[in-house]
Colleague: 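Handing you a structure now.
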Amino acid sequence: MGEIRIRRLEKAFGTVKALKPVDLTIRSGSFTTLLGPSGCGKTTLLRMLAGLEEPDQGEIYVNGECFFSKDKRTNRPVHKRHFGMVFQDFALWPHMTVFENVAFGLRAAKRKTGLREEVMHALKTVRLEGMEKRYPHQLSGGQQQRVAFARAIAIRPGLILFDEPLSALDAVLRDELRAELIHLVKQMGMTALYVTHDQTEAMSMSDEVVVMKEGEILQMGTPEQIYGTPAHSFVARFIGKSNWLEPDKRMLRPEHVRWSENSASDQQFTAIVKHASYMGDRYELELDIHQGSGSWIAYSPTRLAAGEYVQVYVSKEHIHEIQA
Amino acid sequence: MPLNSLKPYNRIGMMLALILLGLLIVLPLLFILWTSVSKGSSIDLGAPLRNMLEHDLSQVLFNSIWLGLCVIAATTVLALPLAWMMAKTALRRHKWLDIVLLIPFMTPPYIGSMGWMLFMQKNGYMEQFFPASSAVTPAFFSFGGMVAIMSLHLFPFLYLLLRNSLLQIGGSLEEAAAVHGGGFLYRTRRIILPLLLSGYMMGALLIFVKTIAEFGTPATFGRKIGFYVMTSEIHRYISSWPLDFGKATSLASVLLAACLVMWYIQSVISSRYSYRLVGGKGSGARMLPLRGWRGLICWLYVGLLLLASIGIPYFSIISASLLKLRGEGLAWSNLTLSHYADLLAPGSESLRAILNSLGLAVVASTIAVVLGTWFALTVGRSSRPGQKLVDLFSLLPNTVPGIVIVVGLILFWNAKWMPIPLYNTYGMVVLTYVILFLPYTVQYVKSSFNQLDPVLLQAGHVFGGRRLYVLRRILLPLLLPGMLAGWMMTFTISNRELVGSLLILPPSMQTSATYIYAQFEQGAVSMGMAMAVVSVGVTTVMLVILNIFSSKQKVE
């Protein structure tokens, strides 16, 4: 299993800077997610790692081995990087059976002995035993997605790349497969790099989250760090909901807005309820804050009428200052 | 039960459509088969083939097949490299090439052939540019030359098919192969070629059918070099003495059967072996940059191809129409516009032919659009057997060679028992054009209709629109672009149509196509080519106007 080190990697398409110089280290055996809105450069970074796109500058090392270096004029071709990849549209070859799709990487590497066992093992891992003779169009979306995953793990790759693999599926299937996928990756102890624009996916699956915007890495850390101590106002807004005491400087998360005073050091705010939405387990309130700017979100176990005046309390330790 | 009135479908309308299609298209074709297999009271299914073999027509059959195969090979050689360049290299950015490449395909084959003949003949333009070439130009007037002319006309068709397949394969399907360890050769062999094959097979079959069905080149170039194929022989047996309808119908029925079999094979391939290639993100596919010698080779290839498929024929046609005296060759002092003046002189035979062509085209395309829209709406989403039958019948003239349809129409409407005296009238010409070009409107309208979300019509009903109101206010306006495209296509093609005009026109009548053909045959090349320029020019201008008009409408 490999450690990936990326140094000063950058890429421009014409005059558009898709990726500004980026440094990134992916620990061996970790599940790392690149998270950001579309056009933030996350897919470009992934494709450059895979070798599908050539960087303009920088270096890529896998386990200390140089895969790409502009200065050293090294560029290992795509098919020699020994990665697995799950594509957004699955990219299953329609003229091949499930078995042949999964066997492709092994056949390309001229593996003959134990080929059948390897393929069947991969299919068993994704719970598709007995489907090996079918063609991709005879499978459901979820099954196709599993074949794509089996194909990627069959070659026992050093790194497995996911390019928004769940975005083509419907919501229920997505939740189900998300859990299954993370379970399998962890079970096999593989290093994984996952690209998504869905913060729920990123937060629930990853060991490390890399938040990107406009070709730059804004913050990298565990999901807890990203949520609890965002390093950038964009990160604070993009992940979860944020209430601002001072725009782009001091914020707190909605679950820390309380209805009673805990200690004398608590800050007190007067607010008008603008709107209450029932979420099943609680009410989500939109509050108009007098002292602050704009509106806040707060959670309440009971319904409050719009227009009502309320007092809310915030502890000092829950207020996060953004350093940048 | 879903709201049935939403589909413009009803039983009576469909029956009417079927009866009309049966009378106009199916019966005449059946009539050919019946005439060729019936001998008095007995029926002999092998008669057409035997008739051909007995009367030395087997050579003609063989010629057609050999020509078809050679044209497949030549179009592949021309189209495959171009498709690869346009799919995989930076050449892809030059979208205008796709439009330019439609020109050879839209040029009537007989006009293209005439251009080539003028260019390569003794003392032709080739020899005037390069006198030394007179050693090789005679070699052009051979089977190889004929294959070249027909391939240069048909290759854009195969090119578009191959390029689209390559583009679709080129996305994530190829990338997935690369990531999972497939080198260039390995993934080409295991992924790209197998996926390209079904598309190529269909394209090749269509090229074959189009080649053996073509009349324009065999009638001009083929006749000159003495290479006879089925279409040209059918024409000979029904238009020049000694007439032999027996042989003509035998040939026509064999040609008909061959084309139907090919289309059947093609539809089997497309349903069984074609994969729905959902193109992923197109941006994914990398483009090979074209620098240095690579760029040079690519542009040279494209340049030569455009020169051969457009440059040479059009240069020959236009310069032939401008020359004062052909003997004096190409020189600025030898240029004149007088042929055009003669051509358009009031009261002249040529002007009458032009106006006649335009008139016929307007009437025929208008009728074809009305009928075609009706049939297309009857077909709808072709869910019922009756709808599928209407679909099949209305597209038949696209499947069957034009000359076969025309023979069927002659046999049918000229039969002794036919009570309607349509044969040898203006109406017969209109009818022939309408039938020949009906599939264009049907296809265009059908595709516009299939793109419509049924919800749009349902919304119309929900907001209180009655059937006819919804039809008038929602359906027709949305179908209008399709109908317009169908009208334009029918107008363009029927304005230049040669086969139908040659065989069906009443004795005293001429169209621009027959005028060009006759002038060329009689050696009045300048007048013929001036007519060709006018006829191609008029339709091109109309297409351009339509394009501007429709793009303006989109902006508003």
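So that the names make sense, note that chain A is the first sequence line, chain B the second, and so on, each numbered from 1. Side chains included, hydrogens not; waters and symmetry mates left out as well; all remaining heavy atoms used.
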Colleague: Tell me which pairs pass ring pair (Phe, Tyr, Trp, His ring centres under 6.0 Å) where either residue lies in residues 163-189 of chain B, with sequence neighbours left out.
Modeller: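 Sorted pair list: A:Phe104-B:Tyr186.
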Colleague: Report which part of A:Leu106 has an atom under 4.5 Å of a heavy atom belonging to chain B: side chain, backbone, both, or neither.
Modeller: neither
Colleague: Within a 6.0 Å radius of atom CE on B:Met201, are there more than 12 heavy atoms belonging to other residues, nucleotides or ligands?
Modeller: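 No, CE of B:Met201 has 12 or fewer neighbouring heavy atoms, counting only those of other groups under 6.0 Å.
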Colleague: Can you confirm whether B:His94 is buried at NE2, in the sense that more than 12 heavy atoms of other residues, nucleotides or ligands lie under 6.0 Å from that atom?
Modeller: yes
Colleague: May I have the step-by-step check of side-chain contact (heavy atoms from CB on, under 4.5 Å) for A:Met85 and B:Glu175, ending in yes or no?
Modeller: CA-CA 10 Å; A:Met85 183 161 171; B:Glu175 289 179 357; 5.7 Å; no
Colleague: With a 4.5 Å cut-off on heavy-atom pairs, point out which of A:Gly105, A:Ala91, A:Ala154 contacts chain B the most.
Modeller: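 Highest number of pairs under 4.5 Å: A:Ala91.
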Colleague: Which atoms form the tightest heavy-atom contact between A:Gly84 and B:Val179, and what is the distance?
Modeller: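 Smallest interatomic distance, heavy atoms only, reads C-CG1, 4.3 Å.
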Colleague: Sequence neighbours excluded and cut-off under 3.5 Å, please list the side-chain donor-acceptor pairs for residues 292-303 of chain B, or say none.
Modeller:
| unit_1 | atom_1 | unit_2 | atom_2 | d |
| --- | --- | --- | --- | --- |
| B:Tyr301 | OH | B:Val77 | O | 3.2 |
| B:Tyr301 | OH | B:Leu78 | O | 2.8 |

Colleague: Quick check for you: to the nearest 0.5 Å, what is the distance between A:Arg107 atom CZ and B:Arg190 atom CZ?
Modeller: 6.0 Å
Colleague: Side chain of A:Trp93, backbone of B:Leu173: donor and acceptor closer than 3.5 Å?
Modeller: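 Checking the backbone N and O of B:Leu173 against the side chain of A:Trp93, a donor-acceptor pair under 3.5 Å is found.
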Colleague: Measure the CD1-NE2 distance between B:Ile191 and A:His95 for me, rounded to the nearest 0.5 Å.
Modeller: 4.5 Å
Colleague: Count the heavy atoms belonging to other residues, nucleotides or ligands that lie under 6.0 Å from CZ of A:Phe13, then report whether that count exceeds 12.
Modeller: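 Yes.
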Colleague: Find the one option among A:His82, A:Arg151, A:His79 whose heavy-atom pairs under 4.5 Å with chain B are most numerous.
Modeller: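 Among the listed options, the one with the most contacts to chain B is A:His79.
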Colleague: Considering only heavy atoms, which portion of A:Ala152 lies under 4.5 Å from any heavy atom of chain B: side chain, backbone, both, or neither?
Modeller: both
